[in-house]
Amino acid sequence: MGKGESNAISKGKKLIILGFVTIAFIFVIYGRFQDPELMTPSAIETIQRIAIGFYITLIASFGAIAFGMYRYHKGKVESKGKDLSTIIAITTWNSKSRKIFVATFVGYGIFFSLISGTLVYQPEVNFITHYGATIPSGFIAPCCDGPGYMPKIIVYLTEHVGLQIIPINLVLQVIVSYLVGLNTAIAVNAYTISKKGSGMSTIGAATGLFIACPTCAGTFLSIFIGTASGIALSVALAQMQTLFIAISIPILFVIPFVMARKLRNPDGSCKINSMK
């Protein structure tokens with residue numbers, strides 16, 4: 001590994017760590033402003049400015065993580081190492097894998113938005129009549145809820161369509177969508193290679209589907225629950241769904257390393273050409 005590749009990987013790691021540490025920091029700090037007693041008329045304007053600063057910092061942190069991932073990924077590809085992380089990088093660097101990743105990332109992100117309630121569609125509710133909303137309009141709700149759930153951004157797009165951006169859901173959406181896109185890109189290559197060998201079992205494919213779609217779990221369960229029961233358990237299912245997603249993150253992180261073993265030649269090199 002050359003010095004340039006080593007520096008790129010090291011700087012990439014530092015940016016990724018910095019981004020996640022900053023996100024955790026602002027979540028903890030903003031959580032201290034969730035006492036309703038602090039929401040006095042004189043303090044509201046200040047807390048609103050802090051809420052705006054929260055989202056500016058959050059977006060900057062996402063940018064640092066994204067750039068860090070790019071530098072780390074590129075450094076790994078250029079290093080031409082034989083470790084599993086390099087195999088993953090090479091496998092997802094080619095044009096085909098990048099297209100699969102982007103399509104999955106965007107598609108799953110939209111699906112996540114619908115399931116998590118970020119993108120809200122309520123045909124039975126008129127936002128103008130029920131909430132006195134102006135169409136289109138938006139605002140930041142600075143208080144009050146648990147850490148990670150505030151500040152919340154509410155946007156009214158039409159009379160029945162809106163956005164409800166909750167910080168913890170936004171972070172989960174980005175992380176899980178990235179991991180699902182990464183897993184899908186690697187899985188397509190792994191499946192192509194496995195067809196030439198032992199193939200892929202039905203059970204393995206089904207398991208992969210649920211791992212790649214953690215938000216499907218709550219939705220899948222709700223299909224088998226009647227309307228009345230579904231309404232009664234809606235809150236419980238939402239909490240369970242968050243739990244499923246949290247559990248899925250370490251699984252989604254580990255699976256690429258498992259699949260990378262199928263994409264490694266006996267000499268340790270990658271079976272996929274990163275330039276195709």
Sort out for me which residue in V171, T57, V28 forms a side-chain contact (heavy atoms from CB on, under 4.5 Å) with I23.
V171
What is the ring orientation for F139 with Y156, classed by angle as parallel under 30°, tilted 30 to 60°, or perpendicular over 60°?
tilted
Could you check whether T118 and Q164, counting side-chain N and O atoms only, form a donor-acceptor pair closer than 3.5 Å?
no
Any side-chain heavy atom of K76 sitting closer than 4.5 Å to one from S85?
yes
Determine, using the 4.5 Å side-chain heavy-atom cutoff (strictly less than), whether I88 and F253 are members of one ILVMFWY cluster.
yes
Can you measure from CD1 (I140) to CD (Q48) and round to the nearest 0.5 angstrom?
6.0 Å
With side chain to side chain contact (heavy atoms under 4.5 Å, CB included) as the criterion, how do L163 and V120 come out once you've worked through the C-alpha distance, each side chain's angles and the decisive distance to 0.1 Å?
CA-CA 6 Å; L163 296 174; V120 180; over 6 Å; no
Output, in order, the C-alpha distance, side-chain angles, deciding distance and verdict of side chain to side chain contact (heavy atoms under 4.5 Å, CB included) for K11 and Y72.
CA-CA 8 Å; K11 290 179 180 179; Y72 178 84; over 6 Å; no
Between I128 and I135, does the side chain to side chain contact (heavy atoms under 4.5 Å, CB included) criterion hold? Intermediate values first, please.
CA-CA 8 Å; I128 297 176; I135 306 298; 3.6 Å; yes
To the nearest 0.5 Å, what is the distance between OG (S61) and CG (L18)?
7.0 Å
Consider only side-chain N and O atoms of S10 and N7, and report whether a donor and an acceptor are under 3.5 Å apart.
no
To the nearest 0.5 Å, what is the distance between CZ (F25) and OH (Y30)?
14.5 Å
Looking only at atom types and distance, does a side-chain atom of H130 sit under 3.5 Å from a main-chain N or O of N126, one as donor and one as acceptor?
yes
Using 0.5 Å steps for rounding, measure from the OG1 atom of T91 to the CG atom of L84.
10.0 Å
Main-chain N/O of V125 paired to H160 side chain as donor or acceptor, under 3.5 Å
yes
Worked verdict on F257 versus I87 for side chain to side chain contact (heavy atoms under 4.5 Å, CB included)
CA-CA 9 Å; F257 291 92; I87 299 297; over 6 Å; no
Is the backbone N or O of W93 less than 3.5 Å from a side-chain atom of S97, with the two atoms forming a donor-acceptor pair by type?
no
Can you give me the closest heavy-atom contact between V174 and F105, atom names plus distance?
O-CE1, 3.8 Å
Given side chains that start at C-beta, do those of L157 and P136 come closer than 4.5 Å, heavy atoms only?
no
Does M150 share a hydrophobic cluster with I154, counting links as ILVMFWY side-chain heavy atoms below 4.5 Å and allowing steps through other members?
no
Quick one: CG on L179 to OG1 on T184, what's the gap to the nearest 0.5 Å?
10.5 Å
When you compare the side chain of F127 with that of E159, does any pair of heavy atoms fall below 4.5 Å?
no
Write down the atom of I47, the atom of P142, and the distance for their closest heavy-atom approach.
CG2-CB, 3.7 Å
Taking the side chain as everything from C-beta on, heavy atoms only, tell me whether V188 gets closer than 4.5 Å to K96.
yes
Hey, are the side chains of L119 and V161 touching, using non-hydrogen atoms and a 4.5 Å cut-off?
yes
How many angstroms lie between SG in C143 and CZ in F33, if you round to the nearest 0.5 Å?
11.0 Å
Tell me, do V176 and Y108 make a side-chain contact under 4.5 Å, heavy atoms counted?
yes
Between T134 (side chain) and S137 (backbone), is there a donor-acceptor pair under 3.5 Å?
no
Compare every heavy atom of Q173 with every heavy atom of S113, then report the nearest pair and how far apart it is.
OG-NE2, 3.0 Å
Would you kindly confirm whether I249 and I17 end up in one hydrophobic cluster when ILVMFWY residues are joined by side chain heavy atoms under 4.5 Å apart?
no
Any heavy-atom pair between the side chains of S79 and T86 that's under 4.5 Å?
yes
Identify whether V106 and L170 are in the same connected component of the hydrophobic contact network (ILVMFWY, side-chain heavy atoms under 4.5 Å).
yes
Taking C-beta and beyond as the side chain, do M69 and Y178 meet within less than 4.5 Å on heavy atoms?
yes
Look at the aromatic rings of F67 and Y70 and report parallel, tilted or perpendicular, splitting at 30° and 60°.
parallel
Do you reckon I186 sits in the same ILVMFWY cluster as V258, going by side-chain contacts under 4.5 Å, direct or chained?
no
Return the minimal non-hydrogen interatomic distance between N183 and P256, and the atom names on each side.
OD1-CD, 3.5 Å
